[in-house]
Number of protein chains: 2
Amino acid sequence: MPEPIDLRRRHLLAGTATAIAAVSLSGLPWRVQAQEAMPLPDYVKWKTPEALIVHSANTLETHRDAIGTSVITASNRLFVRNNLPAPDASILADREGWTVAFQGVKQPRSLTLAELRSLGVTTVASVLQCSGNGRAFFPHGASGTPWTVGAAGCVFWSGVPLKTVVEALGGVAEGQSFITATGGETLPASLDPKTLIVERSVPLRALDQALLAWEMNGEPLSVAHGGPLRLVIPGYFGVNNIKYVKQLAFTAEQTDANIQKSGYRIRPVGEKGAPDQPSMWEMSVKSWISQPLEQMKAGRVLIQGVAFGGAKAVKSVEVSLDGGQSWRPAPFVGPDLGPYAWRPFVLAVELKPGNYSLASRATDVDGNVQPRERVDNERGYGHTGWEDHAMKVAVV
Amino acid sequence: MPEPIDLRRRHLLAGTATAIAAVSLSGLPWRVQAQEAMPLPDYVKWKTPEALIVHSANTLETHRDAIGTSVITASNRLFVRNNLPAPDASILADREGWTVAFQGVKQPRSLTLAELRSLGVTTVASVLQCSGNGRAFFPHGASGTPWTVGAAGCVFWSGVPLKTVVEALGGVAEGQSFITATGGETLPASLDPKTLIVERSVPLRALDQALLAWEMNGEPLSVAHGGPLRLVIPGYFGVNNIKYVKQLAFTAEQTDANIQKSGYRIRPVGEKGAPDQPSMWEMSVKSWISQPLEQMKAGRVLIQGVAFGGAKAVKSVEVSLDGGQSWRPAPFVGPDLGPYAWRPFVLAVELKPGNYSLASRATDVDGNVQPRERVDNERGYGHTGWEDHAMKVAVV
């Protein structure tokens, strides 16, 4: 069943064939990178090169205009961010035998993926977003990958609810406040493991929505995205979604691994990370425009983008053509995949020649509105300010 | 937010660790074909070979156990059925310039894909299913590809609602009763085009949900699935979803192309196709079990499958372990993507050693129940009978 059509479309176009001939093109929507691009690393050779910016072997960003309106981001186009080099593909040779050690439950033990599979299955659509998405917009030159908007995507995850596993293990042991998960990457023997290990703690409330996922977008999980098994916490920043998860513990305290203790902490520019600073856990409401991004001809244009609420569902999104002086509501396109998914939006407008500043601003179900300004912070985390995400577009 | 958990799971598993150790494995869910398989044809080399059965260069079927629980079928795993060889990939060289001739509207004209894009966009999840899906179960040896269940998948389509295009062209001309679309395949010059041309007519009521799609599952549409532009009629059998659509006409009569006049007609075994027989248009309610399919160990098993209503939404599905003597409701997994999508279902059961006949039976929102028996017909079309789709499984 098609989405309701904005009546303005009809008014603009009903009438003579000439009216339609004048309709402008909004540019090639699937841009091919003109400049020399770094080749895809071997472990993601199956991805679509023209959809991705290769920042490094461990950091690949989706082009701003490479996201369609299908709600779900194709796996071929999804960004990649690994804190350590991805394990060898041989890690997938025996998916069913992959073992996770559960601790901090009343009956601690290890379970294989095959055993987890028999406990139950759920499917959740959720936005996966790197904490540093938008870092490129911070003027102080925050260290780290200079993501603009493409360290984010929305995918389907299938796996067993963590709550189901915990119930099978007798429940969470007394006195635990965090879920602490450990990745299965191989660490160099010469260093203190705490400096490198990918081990993160999230508050126990995340048990409500966490799952152990073996499938993404209908396919067995790839190494690039954490296969054979990944802890997925819908609504939380990417770093908390531990790949190749090998240990899952309920703990009284947060882990003292560097990635938790001092890493992924929001603090003023120039300050060092410390455990008393906010950790990158729940995501906040955010949106951006994905098209048009370039100069275009006057006429009818569909302004497209994505909006999500983060840990809460998104309620609505508005678009501005004048850098935030005025706003108009933009309709969502396609089915609602649940509170943790993003929603594509499309606003049809008639643009005369001139300069436009295209911005979008989303609101979540609790009424939280995406702010105008970024909150400057040392590592350039959690950027949701709509002003930096606006696009200046010339219409000729 | 995880799906509600069947309480039985907890009862089965809460308790000692030993109870969990006894949990049975349901076999490798992503089976790799053991026997020598035909290689993937070049135009679908990007697909996942172990998920597909290659019947011929134009017919590839998804393995019964290669569908996950993500609702959407990964493009890599989606079946392929072409009535004529797929065009060369060069057909995609200028996607935006692809042109469709619209006729039988008040202002007939041609529109490029770029122009169609500017009119509007919608996203619909729908089941794509070949008319002959299930043909292998007909005992009379119906001619055609012997599909079992894998000539079906559920995908996201993005494109412009056909209704929007028609309104921009002044509306449907008086006296038209059908939407007649023509594919852009090259035909051999030596034959009467009507014998081979892929041109289908569907009733005008399909205008409510039809779209012209340029994107599938978040990616520009591939040649294998009809790119650059495909007519998609959610709820209708695959053959009506014209690939590389180059002409779309509103007509008073159905086309006299063979594929419409005598092809894809339901008639008794032994009879020839004729225009007065029912055409393969709207799909009916159907479901099947995708796992388990093979002998397994006694213990806890998750019985999985997919259910859809066809032209109407599916309401519920039941599973039988005893070949239909008794039924129990099976919960759906994951988000509801709308009336034309399928819904994965999962039922957790405890199986003792013995022989089981696993069947599923879906009901649509109008109360239509999937029948027990097939309706025999010459070409083996439209099989929805649950009995033939049941799986005999030994538990040891």
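Letters A, B, ... mirror the listed sequences (proteins, then strands); counts begin at 1. Below, all heavy atoms of this structure are taken into account, side chains as well, without hydrogens, waters or symmetry copies.
Under the 3.5 Å distance criterion, the side-chain polar atoms of B:Ser70 are matched with a main-chain donor or acceptor of A:Gly218. For the pair B:Arg300 (side chain) and A:Leu119 (backbone), a donor-acceptor distance under 3.5 Å is present. Using a distance-only test at 3.5 Å, with no hydrogens or angles considered, no donor-acceptor pair links the side chain of A:Glu219 to the main chain of B:Ala74.
Remark: B:Met296 CE to A:Ser118 OG distance equals 12.0 Å, nearest 0.5 Å.
With a 4.5 Å cut-off on side-chain heavy atoms, A:Asn217 and B:Ile72 do not count as touching. Between B:Glu215 and A:Thr69, the closest side-chain pair of non-hydrogen atoms falls below 4.5 Å. Here the side chains of B:Leu337 and A:Leu337 are in contact, with some heavy-atom distance below 4.5 Å.
Contact of B:Thr48 with chain A is made through the side chain alone, with heavy-atom distances under 4.5 Å.
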